[in-house]
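Being a predicted model, the structure only gives us computed values, none of them experimental.
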Amino acid sequence: MEIRNLNTFLHAASLQNITRAAAELGYSQSAVSVQIRQLEQELGMPLFDRIGKNVYLTDFGRSLVPYARSAVAAVAAVAGVVLLMPVKV
């Protein structure tokens with residue numbers, strides 16, 4: 001499971017729109033769709049109901065949100081610690 005896919009999922013969930021999530025993240029719409037599909041395949045459950053151009057979280061998608069937020073935050077925290085560490089030569 002890729003953190004990038006979880007981050008993309010969180011953006012799409014908050015915006016309820018794949019195209020706007022793509023624009024916010026600097027990805028193409030198709031790249032966001034692929035990332036969401038990959039995550040759904042890995043988890044074996046749909047994360048969104050797709051209605052027109054909008055997407056709405058399924059019950060499973062709603063239950064995933066806090067875990068995805070925690071995972072993304074944990075990786076961001078680790079990245080911050082690594083940036084603060086002195087470089088040893």
Side-chain angles (χ1 to χ4, degrees):
M1 186 171 305
E2 294 186 34
I3 292 297
R4 175 179 52 117
N5 290 359
L6 289 173
N7 187 52
T8 298
F9 160 72
L10 290 171
H11 277 81
S14 86
L15 296 169
Q16 296 183 333
N17 187 290
I18 298 291
T19 303
R20 283 190 284 157
E24 190 173 285
L25 292 165
Y27 297 150
S28 68
Q29 180 273 327
S30 61
V32 169
S33 294
V34 166
Q35 288 178 31
I36 299 285
R37 253 183 270 124
Q38 286 174 342
L39 194 54
E40 289 176 326
Q41 288 173 351
E42 285 180 68
L43 297 170
M45 298 286 289
L47 300 172
F48 294 102
D49 288 320
R50 291 148 176 90
I51 301 171
K53 293 191 180 227
N54 291 326
V55 291
Y56 302 96
L57 287 169
T58 61
D59 289 340
F60 182 76
R62 268 190 295 286
S63 70
L64 179 63
V65 168
Y67 298 105
R69 282 187 184 139
S70 294
V72 170
V75 169
V78 169
V81 168
V82 169
L83 291 174
L84 296 175
M85 293 181 72
V87 176
K88 294 182 182 181
V89 181

- Scanning both residues in full, the closest heavy-atom pair of R20 with L15 reads NH2-O, 3.2 Å

- Message: With side chain to side chain contact (heavy atoms under 4.5 Å, CB included) as the test, pick out the partner of I18 among N54, V55, T8.
- Response: V55

- Query: Is a side-chain N or O of Q29 found less than 3.5 angstrom from the main chain of T19, in a donor-acceptor match?
  - Reply: no

- Item | Separation of Q35 CD from L6 CG (nearest 0.5 Å) | 10.0 Å

- Message: Less than 4.5 Å apart, side chain to side chain, heavy atoms only: is that true for V32 and H11?
- Response: no

- Query: If you group Ile, Leu, Val, Met, Phe, Trp and Tyr by side-chain heavy-atom gaps below 4.5 Å, do I3 and V34 land in one group?
  - Reply: no

- Message: I need the minimum non-hydrogen distance between G61 and F9, along with the two atoms involved.
- Response: O-CZ, 3.5 Å

- Task: Mind listing the closest non-hydrogen atom pair of R62 and L57 along with its distance?
- Result: NH1-O, 2.8 Å

- Sub-4.5 Å side-chain heavy-atom contact between M45 and T58: no

- Note on the structure: Taking every heavy atom of F48 against every heavy atom of E40, the minimum-distance pair comes out as N-OE2, 3.5 Å

- Message: Measuring from atom CG of N7 to atom CZ of R69, what distance do you get when rounded to the nearest 0.5 angstrom?
- Response: 11.5 Å

- Roughly how far apart are Q38 CD and S33 OG, rounded to 0.5 Å? 11.0 Å

- Below 4.5 Å, heavy atoms only, C-beta onward: do M1 and L43 meet side chain to side chain? yes

- Might you point out which heavy atoms bring V65 and L10 nearest each other, and give the distance in Å? O-CD2, 3.9 Å

- Of all the heavy-atom pairs spanning A12 and I36, show the shortest one and how long it is. CB-CD1, 4.2 Å

